[in-house]
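In what follows, every heavy atom counts, from backbone to side chain, and hydrogens, waters and symmetry copies are set aside. Sequence lines set the chain letters: A, B, ... in the order given, protein chains first and strands last, and positions in each chain run from 1.
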Amino acid sequence: MRRRVFLAVISAVIVTPFFFSGCAEDPYIPQPAVDEYVFRVPSNFPQPVYNFANNTVSEAGFKLGRKLFYDPILSRDNSTSCASCHQQASAFAHTEHRFSHGINDQLGNRNAPPVYNMAWLPYFMWDGGINHIESQPSGPITNPIEMDESLGNVIAKLSATPAYRAMFTDAFGDDTITTQRMFRAMAQFMGMMVSANSRYDKYMRGETGGEMNAQELSGLSLFRQKCASCHTEPLFSDYAFRNNGLAADPTINDSGRTHITQNPADMYKFKTPSLRNIELTTPYMHDGRFITLDQALNHYTSGVVAGPTLDPLLADGIPMTAQEKADIITFLKTLTDISFTIDHRFSEHAVSHEH
Amino acid sequence: MFPKKYLLGALLAGAFVFSSCKKENPQPGDDGTPATGSLTVSLSTNVNGQPLVLGTQTYLNEAGDSFTVSMFRYYLTNIVLYRPDGSTYVEPESYRLISESQPGSLTFSINGVPPGDYSSMRFMIGVDSTRNVSGAQTGALDPANGMFWTWSTGYIHAKFEGTSPSSPGAGHMVAFHVGGFNGPHHGIRGVSTSFGTARASVSTTSTPTVFFDVNLAEWFKNPNTISFATEYNNTGVNPTNKMIADNYADMFTLNHIQN
């Protein structure tokens, strides 16, 4: 009897790890190393705003956040997911769409911004109305022209889905599904979406693959003279709210930051967008009015409209010759991070094999 | 490879290995902390002395507008109990959503209170700025409770909804959602209530109850008389938001303490 118990214990020690690893992943798909689910600050970046306090990234939490990001269950009619308007190939922006469509084909009124380097953002949305990465998804989920769902209904639908109960258990220890857990899982996924492997980054870090030609270096130098006071390196935004002189569109009548602050001095001001991956994220500006980078730069040389809240830095526009604009655009294309757009961690995954 | 019975043994043993990782929940007093008591708070809502009944019951505001009440909710947070010598008990995680439609929320207990006589109590109407900028919250602060603005993130500290024939709004609706946690128009207000010569005597065996009257009419008077003919729908952080908050700051009155 004693010998049998001994054998059973030994077999438990041997078999148990197989049991737990055996059901986790399909062995025929190469799996990422464990440390692919650790948040790291690129050496040429500052410390992030969101430091994952109380929300340490785990593989299970990240994968839950990913599943939520790609799941239309977050919308009222189960038709529209975050990924409907934030697509990986365009650095999670929405190309070909000035305004993305919400449920029932409703047209939005702002250009869906890309999603990357979210951990460094002090606030979210073009008007900065959302103050925390964990609160960010509540905006589009509840907006009547986007996903138009109540948070209570989202939690009810997730709680009625066995696969989600299993994934919440993996991520948080039990199958209680709350908005806090949902938002923290999404913050793990979005916070991990770091784009820092453009040719520019490798150049700045002195890495191989970071070679720039003469025109690109000229563009970088011009960029620093003419653009960087707002599009500040290395994140390529100062995250201030500015009126960059776009003529107000009377069909939209978007007051910008004033919508949040009620302050007339903020009229037509929007958050400075990052220019990383700008080659991939057409159309440009908060209302997507420009299709090409040429159009965007031409706005600054000759299209700036005066107004009481126009940014003082743009009072005379930004003088640039045709050659200077060409050089700057050539430089801007070194901010493209293809590795980010094909990173399998951020792609939609079938998760049925995991449970 | 393994005989079946050993496999069974493996499963059982595995289960024990995993279950044995769990620690027993610590029991109160285990760690040498002193035993504590509780204090109960009971809220009774009225409109200038008439008990509040949601639905068709009509009331008059200071401006003379008749109105009904369909919703009355507010956050009561950051409770601090004071002893006569000035020492305090600061309740941790002190966030409650008081909702007239959920009578259970009108009576609550503050636990973990050190035994002693307490002579005053402070709290906030609304959610402090820290929790407005700290990301996803849960419990009373769960944004699914409907007390959270998602387009300009922050808590709605208090909500009043009803109808008034004076209101020019659709369906004669009246709605005030008071929010904002910074800037000149925010809606957070501190409430300080002295018990006078009375004391709430907390011990390990007796739990005092502090009874407050909550006068909803205060939302619309003192110092700002609100007429529903002109102010009937406000859901943003603006001067009207501040006026309502200045008004509701004194809606609590101590009724009595039962030891």
Side-chain angles (χ1 to χ4, degrees), chain A residues 4-20 50 52-55 122-125 127-144 146 150-156 176-187 257 259-263, chain B residues 1-22 93 95 127 129-156 179-186 234-242:
Chain A
R4 278 189 196 166
V5 169
F6 175 76
L7 274 175
V9 170
I10 290 293
S11 59
V13 170
I14 295 168
V15 171
T16 303
F18 282 98
F19 246 85
F20 279 80
Y50 186 63
F52 298 90
N54 306 318
N55 192 25
Y123 24 66
F124 300 80
M125 316 306 262
D127 58 21
I130 296 180
N131 64 29
H132 200 285
I133 189 173
E134 293 172 8
S135 304
Q136 197 283 331
S138 70
I141 289 172
T142 60
N143 189 330
E146 295 185 57
S150 75
L151 297 177
N153 274 348
V154 170
I155 296 307
T176 305
I177 298 182
T178 64
T179 59
Q180 184 181 57
R181 286 178 168 183
M182 172 177 74
F183 289 144
R184 286 185 173 173
M186 296 182 82
R257 182 67 177 160
H259 183 55
I260 302 304
T261 63
Q262 316 290 319
N263 184 350
Chain B
M1 60 185 179
F2 283 101
K4 238 181 207 169
K5 59 187 170 188
Y6 292 149
L7 186 60
L8 182 63
L11 286 172
L12 287 172
F16 278 104
V17 166
F18 280 80
S19 67
S20 66
C21 299
K22 287 183 188 166
E93 281 299 312
Y95 297 94
V127 178
S129 59
T130 301
R131 291 300 176 106
N132 274 277
V133 297
S134 300
Q137 305 293 316
T138 196
L141 298 180
D142 188 329
N145 290 329
M147 297 290 282
F148 189 80
W149 281 318
T150 54
W151 56 277
S152 179
T153 47
Y155 285 92
I156 300 168
F181 55 89
N182 57 16
H185 306 309
H186 76 78
N234 203 75
T235 57
V237 185
N238 51 29
T240 301
N241 190 76
K242 176 187 178 341

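Here the side chains of His259(A) and Trp151(B) are in contact, with some heavy-atom distance below 4.5 Å.
Annotation: side chain to side chain donor-acceptor pair (under 3.5 Å) contacts of Asp127(A) (sequence neighbours excluded): Arg110(A). With sequence neighbours excluded, no residue satisfies side chain to side chain donor-acceptor pair (under 3.5 Å) with Gln136(A). Listed by chain and residue number, Asp266(A) satisfy the side chain to side chain donor-acceptor pair (under 3.5 Å) test with Thr261(A) (two or more places apart in sequence, or in another chain).
Using a 4.5 Å cut-off between heavy atoms, Ser150(A) makes no contact with chain B at all. The parts of Asn131(A) that come within reach of chain B are both its backbone and its side chain, each placing non-hydrogen atoms under 4.5 angstrom from that chain. Of the two parts of Asn132(B), only the backbone, made up of N, CA, C and O, holds a non-hydrogen atom closer than 4.5 Å to a non-hydrogen atom of chain A. Interface remark: Ile155(A) contributes no atoms to any contact with chain B (heavy atom separation under 4.5 Å).
Contact tally against chain B (heavy-atom pairs below 4.5 Å) for Gly129(A), Gly139(A), Pro140(A): the top residue is Gly129(A). Of the listed residues (Thr150(B), Asn238(B), Asp142(B)), the one with the most heavy-atom contacts under 4.5 Å to chain A is Thr150(B).
Residue-level contacts of residues 180-187 of chain A with chain B, in order of numbering, are Gln180(A), Phe183(A), Arg184(A); threshold 4.5 Å between heavy atoms.
Shortest non-hydrogen contact noted between Thr153(B) and Ser135(A) is CG2-CB, 3.9 Å.
Note that CG of Asn145(B) is 10.0 Å distant from CG of Leu151(A), once rounded to the nearest 0.5 Å.
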